[in-house]
Amino acid sequence: MADELGRWAEPGLLVLASLADGEKHGYAITTDIAAEVGVTLGPGTLYAALARLEERGLIEGLPAEGRRRPYRLTAAGAAELSAQATRMRKLAALSLGRLRVETA
């Protein structure tokens with residue numbers, strides 16, 4: 001699981017990050033990711049990621065609200081997101097330090 005979610009632009013990791021501040025339906029996840037990270041997930045990519053994450057117990061689908069089905073982060077999903085974000089922060093610090101780039 002960690003290998004699959006470890007890439008910075010992995011759709012699953014982006015979805016977990018989007019759901020970290022509360023439940024959202026597919027379109028809201030897509031617009032949040034585009035606004036915050038500048039990555040546009042197509043419907044096929046988004047719904048494949050949602051299915052994988054739900055299958056692994058990292059998110060759960062809630063009852064549909066009309067045509068929209070919201071999703072929320074599970075405790076396991078929050079733990080995975082935290083672990084991946086920590087690993088990415090360490091990688092960024094190492095990379096920037098070795099490149100001698102000032103961090104603000």
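What you are looking at is a predicted structure, and each value in this text was computed from that prediction instead of being measured.
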S.K.: How long is the straight-line distance from OG1 of T40 back to CD1 of I33, given to the nearest 0.5 Å?
M.R.: 9.5 Å

S.K.: Locate the shortest heavy-atom distance separating E65 from P70; write the atom from each residue and the value.
M.R.: OE2-CG, 3.8 Å

S.K.: Measuring from I59:CD1 to E80:CD, what's the distance to the nearest 0.5 Å?
M.R.: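 That separation rounds to 13.0 Å.
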
S.K.: Would you find a donor on one side and an acceptor on the other, under 3.5 Å apart, between the side chain of K24 and the backbone of S18?
M.R.: yes

S.K.: Calculate, to the nearest 0.5 Å, the distance between atoms CD and CG belonging to Q84 and L91 respectively.
M.R.: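 Between Q84 CD and L91 CG, I get 11.0 Å after rounding to 0.5 Å.
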
S.K.: Can you tell me how far OH of Y71 sits from CG of L62, rounded to the nearest 0.5 angstrom?
M.R.: 9.5 Å

S.K.: Starting from the C-alpha separation in whole Å, work towards a yes-or-no answer on salt bridge (Lys or Arg N to Asp or Glu O under 4.0 Å) for R69 and E23.
M.R.: CA-CA 10 Å; R69 181 177 184 208; E23 63 187 55; over 6 Å; no

S.K.: Can you tell me how far NE2 of H25 sits from OG1 of T31, rounded to the nearest 0.5 angstrom?
M.R.: 7.5 Å

S.K.: Which atom names give the shortest non-hydrogen contact between P11 and T45, and what distance separates them?
M.R.: CG-CG2, 3.5 Å

S.K.: Can you tell which of L19, L73, T74, L16 makes a side chain to side chain contact (heavy atoms under 4.5 Å, CB included) with L53?
M.R.: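 Among L19, L73, T74, L16, the one meeting side chain to side chain contact (heavy atoms under 4.5 Å, CB included) with L53 is L16.
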
S.K.: Determine whether V37 and D32 make a side-chain contact, defined as any pair of heavy atoms from C-beta on separated by less than 4.5 Å.
M.R.: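 No, too far: nothing below the 4.5 Å cut-off.
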
S.K.: Contact between M88 and L13 at the side-chain level, heavy atoms closer than 4.5 Å - yes or no?
M.R.: yes

S.K.: When rounded to the nearest 0.5 angstrom, what distance separates CZ in R89 from CG in L94?
M.R.: 14.0 Å

S.K.: Do you know which two heavy atoms are closest between Y27 and Y47, and how far apart they sit?
M.R.: N-OH, 4.3 Å

